[in-house]
There are 2 protein chains.
Amino acid sequence: MPLRSVFFVSDGTGITAETFGNSILAQFAAKPRHVRRPFIDTIDKARAVVDEINGVAASEGKRPIVFITLVSDEVRDIVTSDNCRGLVLDMFRAFVEPLEAEFGIKSNHRVGRFSDAAKSSEYNDRIEAINFSLAHDDGQSARNLAQADVILLGVSRSGKTPTSLYLAMQHGIKAANYPLIPEDFERGKLPGSLSQHLAKCFGLTIDPERLRQIRNERRPDSKYASLDNCRYEVREAEAMMRRHGVSWLSSTHKSIEEIATTILRDIRPDRLIY
Amino acid sequence: MPLRSVFFVSDGTGITAETFGNSILAQFAAKPRHVRRPFIDTIDKARAVVDEINGVAASEGKRPIVFITLVSDEVRDIVTSDNCRGLVLDMFRAFVEPLEAEFGIKSNHRVGRFSDAAKSSEYNDRIEAINFSLAHDDGQSARNLAQADVILLGVSRSGKTPTSLYLAMQHGIKAANYPLIPEDFERGKLPGSLSQHLAKCFGLTIDPERLRQIRNERRPDSKYASLDNCRYEVREAEAMMRRHGVSWLSSTHKSIEEIATTILRDIRPDRLIY
């Protein structure tokens, strides 16, 4: 794609405009230039931004994309007028205003109350979940497993750690993870600390060939990374999960987000709000 | 607000629908119930979801809010028809389609690119960034700091770890973090391993009273958590960052997302697009 600029124009910090705009732009392989214009809260500032947008439109030969979060009608009218040569995308008019009508309440933005996320209990739950998941990464601790929402099992490098952290960060889920290692296979069963929590165990498996690639980047030409060893570990891990009735999925062709979504659906569909 | 449900309906994982929906809902003090319905990719599944939405509308006496990301016209038509008694908010029709027309390219969602996310180099960069950030959490390793994109500094419990992981997971940023501790204050300067990388250092500070609360939950009634000690550490940390010319912000009233946005803006405005 040729050079293209995206403006984030807001009467506040612009964080909402950016978060929103990025969620839309993430749908495209395009890599536009970002221009942030916060605190546009007067008619004069709005006119100056429109001049800037029109200047960029002329110099790039393409109209800029303009994400706006502007509450004042006077200011918004200037940016959305025909005189502005950007493609203006207005989150408030499209979605927030219909919801204000539906809920019968004003949005935080409109009443000038910047969300103080850091004080909400939901936010603190997320931070606590991240700390829990870090403390229970890679089988580090068998303490407080009763508090875990999910315990991920799988061989080393099957994707447990990023999935645990994603579940914690995005969904406030306390996700422990436990690596299945040759000692477990020789013993032929899961450690006792896990066997009391089978209902919240979920397994990750992976194609042995892909596992070999990943491990080889870490420890080239090791026994750990050899295809034979990868095949052995994956086979034993799947057999063990089957024996214990632990459901699992393969991370080979799945992103963290897809794995997390599947786990949430299977383990606890609706309990958690994040 | 009385009980109200929000549905996230998608033909994929629903991650986009959720991210988008949450950015809108964050504008309201409301705490609706979340219902995720991923993988709605057939007419039959769409009809079942509409039945469910209508059931909730009847039982709650309020129409549910329904955020959708549905590519297939057949499936979308069912959910957006008059027969569905939800308030349907369609990110694709409102914003993604105008951008597809403007850019002259199809969105990733539409071409199904998400499904092989695990193979993309961007995805692998994110996983690598997560591993890097974990290995460099809490000053664990001074090795390879040259590879870090960002190094976060701050006293214990100022928010470094969740911010580092968020930067890695969401933006593919290799974020190390280093805790400023009393030994650093007595020495009066940053360790040599950091002083060569000041340009990518960024500080987090925090209100001492808030810090006391957070630490007290971890180690009640300890010297570590005492208000005097929190005041001392925060004052010394800020003085040290000032001496080294490291810019910082306060995490007291900011969410991880807001902190991350500010860091990205200040440290590397245009290299990384997220």
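The sequence lines fix the lettering, A, B, ..., with proteins before strands; numbering per chain opens at 1.
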Next item on the list: Identify which of A/Asn131, A/Asp137, A/Thr262 forms the greatest number of heavy-atom pairs closer than 4.5 Å to chain B.
Entry: A/Asn131
Notebook entry, point to check: Got a salt bridge between A/Glu97 and A/Arg76, using NZ or NE/NH1/NH2 to carboxylate O under 4.0 Å?
Noted result: yes
Note to self: In terms of relative ring orientation, are B/Phe67 and B/Phe8 parallel, tilted or perpendicular, with 30° and 60° separating the classes?
What the structure shows: parallel
Next item on the list: Output the distance between atom NE2 (A/His253) and atom CD1 (A/Ile259), rounded to the nearest 0.5 Å.
Entry: 12.0 Å
Margin query: For A/Ile65, which atoms come within 4.5 Å of any heavy atom of chain B: side chain, backbone, both, or neither?
Written below: side chain
Checklist line | B/Glu18 bridged to B/Arg36 by N-O distance under 4.0 Å | finding: yes
Next item on the list: Decide, yes or no, whether a salt bridge links A/Glu102 with B/Lys62 under the criterion of side-chain N to carboxylate O below 4.0 Å.
Entry: no
Notebook entry, point to check: How many angstroms lie between CD in B/Gln213 and CG in A/Asn124, if you round to the nearest 0.5 Å?
Noted result: 9.5 Å
Checklist line | Atom pair SG/CD1 of A/Cys84 and A/Ile68 - distance to nearest 0.5 Å | finding: 8.5 Å
Item checked: Segment of B/Pro38 engaging chain A (4.5 angstrom heavy-atom cut-off) -> side chain
Checklist line | Residue B/Arg93 versus chain A: region with a heavy atom under 4.5 Å | finding: neither
Check: Which answer fits B/Arg126, side chain, backbone, both or neither, if we ask what part of it has an atom under 4.5 Å from a heavy atom of chain A?
Finding: side chain
Checklist line | Side chain, backbone, both or neither of B/Leu165 within contact of chain A (heavy atoms, under 4.5 Å) | finding: both
Check: For B/Met169, is it the side chain, the backbone, both, or neither that has a heavy atom closer than 4.5 Å to a heavy atom of chain A?
Finding: side chain
Item checked: Side chain, backbone, both or neither of B/Ile130 within contact of chain A (heavy atoms, under 4.5 Å) -> side chain
Margin query: Using a 4.5 angstrom heavy-atom cutoff, name the option from A/Ile256, A/Ile127, A/Thr161, A/Leu87 with the most pairs to chain B.
Written below: A/Ile256
